[in-house]
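To start, the structure under review is shown below, and the notes come after it.
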Protein chains: 2
Amino acid sequence: MPPPPYKVACSNCNLRELCLPSGLSEADARKLDELVATRRKVKRGAALFNNGAPFMALYAIRTGFFKTCILTEDGRNQVTGFQMAGEIIGLDGIVGDRHTCDAIALEDAEVCVMPFDRIEALSREVPALQSHVHKILSREIVREHGVMLLLGSMRAEERLATFLLNLVQRLHARGFSQSELVLRMTREEIGSYLGLKLETVSRTFSRFVEEGLVQVKQRHVRILNTAGLRSIVNASACR
Amino acid sequence: MPPPPYKVACSNCNLRELCLPSGLSEADARKLDELVATRRKVKRGAALFNNGAPFMALYAIRTGFFKTCILTEDGRNQVTGFQMAGEIIGLDGIVGDRHTCDAIALEDAEVCVMPFDRIEALSREVPALQSHVHKILSREIVREHGVMLLLGSMRAEERLATFLLNLVQRLHARGFSQSELVLRMTREEIGSYLGLKLETVSRTFSRFVEEGLVQVKQRHVRILNTAGLRSIVNASACR
DNA sequence: CGAAAATTTGACCGCTATCAATACCGGTGG
DNA sequence: CCACCGGTATTGATAGCGGTCAAATTTTCG
């Protein structure tokens with residue numbers, strides 16, 4: 001796939017506060033324009049990378065929505081995360097020079113390709129970038145701790161409520177509604193992420209609707225009672 | 001607690017191949033001796049750090065055994081990992097300048113304190129160290145993907161078998177037996193890590209004993225049939 | 001040595017998985 | 001435009017795994 005013709009410039013990108021360090025000098029900011037080698041479009045359903053593929057770059061999502069998932073030899077499939085604009089994808093590949101999961105676009109997407117050797121080289125020159133990279137990695141570790149808590153100790157309702165609240169919060173940080181969202185993934189993918197079967201996800205949605213917490217029309221979800229969802233998550237002080 | 005009097009030198013440490021980059025030049029290796037500011041002893045049951053504590057350093061475990069866990073306001077408790085000699089602890093603190101979990105020694109332990117500003121400064125000078133730090137962070141992310149798979153898709157027997165196999169494998173890499181191990185944690189801590197109740201852990205151990213897979217005497221475990229445990233893990237190709 | 005913690009085991013229950021049938025939606029082609 | 005089709009979602013009936021509660025026993029540690 002040939003690189004797109006247009007000029008890439010992080011310093012002008014309207015997502016830069018999401019994926020670049022803030023408070024850079026002019027000079028440093030211009031250096032970071034070298035970070036992005038090219039952009040790449042990924043069609044809905046296509047993979048940005050697959051398990052086993054050589055690790056070359058990290059990817060900053062410009063538009064679109066991804067899932068990452070691991071598929072084991074024995075047929076298990078676990079969605080490890082959903083990523084949206086401004087988030088960084090590919091961190092799993094650093095340790096072994098190969099990717100260890102699949103990254104699949106759930107809608108047509110575009111990413112900035114940041115070759116990892118450039119990231120490392122620039123990090124040595126620009127401490128703010130170095131720190132930023134460390135924080136991105138650490139943030140992912142902390143996020144996964146939260147998922148472990150969810151998978152290890154929450155019941156189905158708590159998991160789904162947590163999931164919905166997390167999604168709207170991230171969407172809201174990107175300028176979308178606090179109460180309305182469109183799910184880009186199937187019930188099965190939600191279930192895989194939450195450690196539930198798709199039927200359980202569907203039933204739990206239905207229960208939320210009965211209780212007046214949300215409206216659900218297929219993948220369109222409107223949150224009617226944020227506090228109610230929060231109280232579901234925090235209700236289980238009983239352990 | 002005053003720093004111990006003896007001289008700290010990574011270049012002589014017999015764990016260096018576990019926690020330092022390999023293939024360094026003499027000069028670089030000597031530089032890395034600056035990495036460890038001091039050592040610190042942690043008594044069994046004491047915390048190396050607590051949730052909310054300011055993040056200053058990463059810790060390389062010299063001796064002993066730790067658990068990391070998150071404790072939420074609403075009383076949930078999730079063990080996020082068990083760490084042994086040569087492993088690095090504290091990565092969760094980088095992103096927010098505060099630790100987000102507790103690190104508790106499960107037996108008397110000693111750690112090397114590596115102030116993070118020194119790590120960052122040296123990383124800029126020694127590319128091999130920079131790469132090493134990135135790999136440590138990425139490895140933790142990949143490890144947690146595995147835990148998500150376990151928590152999201154495995155049944156109790158599979159979880160415990162996976163856990164035991166992982167523990168002996170890591171111990172074996174440190175020169176211990178492939179088949180014998182002493183659990184440093186309680187059934188409840190194992191259960192928390194595996195998303196199970198302590199009674200389920202105990203029952204599953206008993207079932208393994210009945211089936212002749214292991215011998216269990218309190219915390220002493222001898223693996224009698226490694227292949228049998230493996231087949232439990234991989235048995236569920238049925239999804 | 002004695003109190004507290006940890007472990008094991010039993011009985012029972014409830015949540016979620018499983019199996020199955022139906023409904024719905026979006027896209028395609030007649 | 002509408003009928004059709006495959007993937008997706010909902011809902012019901014049932015079963016089983018693991019949770020909960022409880023009690024007995026062992027171990028640990030001050």
Side-chain angles (χ1 to χ4, degrees), chain A residues 43-45 67 75-79 104 106-108 150-161 163 182-210 214-221 232 235-239, chain B residues 43-46 67 75-79 104-108 150-161 163 182-210 214-221 232 235-239:
Chain A
K43 280 276 171 213
R44 176 190 147 107
K67 71 169 176 180
R76 264 189 258 270
N77 191 341
Q78 176 72 34
V79 172
I104 311 289
L106 297 181
E107 57 182 7
D108 289 357
L150 178 145
L151 291 173
S153 77
M154 291 188 183
R155 293 176 317 106
E157 287 196 352
E158 301 169 333
R159 295 185 196 194
L160 189 62
F163 173 73
V182 177
L183 302 172
R184 299 302 178 182
M185 70 295 281
T186 67
R187 301 286 188 264
E188 184 166 21
E189 287 161 340
I190 297 173
S192 172
Y193 183 60
L194 298 179
L196 302 169
K197 291 291 150 187
L198 67 95
E199 295 95 327
T200 304
V201 173
S202 180
R203 271 185 245 274
T204 307
F205 266 125
S206 300
R207 214 171 315 145
F208 284 177
V209 171
E210 279 173 35
V214 299
Q215 282 180 359
V216 178
K217 232 187 224 147
Q218 296 294 124
R219 301 200 179 177
H220 293 260
V221 176
I232 286 180
S236 55
C238 53
R239 314 207 161 190
Chain B
K43 279 275 171 213
R44 178 189 145 104
K67 70 168 175 180
R76 261 188 262 267
N77 191 342
Q78 175 73 32
V79 172
I104 311 290
L106 296 181
E107 58 182 6
D108 291 356
L150 179 145
L151 291 172
S153 77
M154 290 188 184
R155 294 175 317 105
E157 288 196 353
E158 301 169 333
R159 296 185 196 195
L160 190 61
F163 173 72
V182 176
L183 301 172
R184 299 302 179 182
M185 69 295 281
T186 67
R187 301 285 189 264
E188 184 166 21
E189 286 161 340
I190 296 173
S192 173
Y193 182 61
L194 299 180
L196 302 170
K197 292 292 150 185
L198 68 95
E199 296 95 328
T200 304
V201 174
S202 179
R203 271 185 246 274
T204 307
F205 266 126
S206 300
R207 213 171 316 146
F208 284 178
V209 171
E210 278 173 36
V214 298
Q215 280 179 358
V216 178
K217 231 183 225 151
Q218 295 297 122
R219 301 201 180 176
H220 293 259
V221 176
I232 286 180
S236 55
C238 52
R239 313 207 162 193

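Order of the sequence lines sets the chain letters (A, B, ...), proteins ahead of strands, with each chain counted from 1. These numbers were taken from a predicted model, which means no experiment stands behind them.
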Between [atom2] of [N] and [atom1] of [X], the distance in whole Å:
X	N	atom1	atom2	value
Arg207(B)	dT8(C)	CZ	P	13 Å
Met154(A)	dG18(D)	CE	P	21 Å
His220(A)	dA9(D)	NE2	C1'	14 Å
Lys197(B)	dA6(C)	NZ	P	15 Å
Phe205(A)	dC24(C)	CZ	P	19 Å
Arg159(B)	dG18(D)	CZ	P	7 Å

What's the closest nucleotide to the [X] side chain, out of [options]?
X	options	result
Arg203(A)	dT18(C), dT10(D), dG19(D)	dT18(C)
Glu199(A)	dT8(C), dT8(D), dC19(C)	dC19(C)
Arg187(B)	dT16(C), dT8(C), dG18(D)	dT8(C)
Ser206(A)	dT11(D), dA9(D), dT20(D)	dT11(D)
Val216(A)	dT10(D), dT7(C), dA22(D)	dT10(D)

Using a heavy-atom cut-off of 4.0 Å across all strands, would you classify [X] as base, sugar-phosphate, or nothing?
X	answer
Gln218(B)	sugar-phosphate
Thr186(A)	sugar-phosphate
Arg44(B)	sugar-phosphate

Base dC15(C) paired with Glu157(A) side chain (donor-acceptor, <3.5 Å):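 Per atom types, no contact qualifies.
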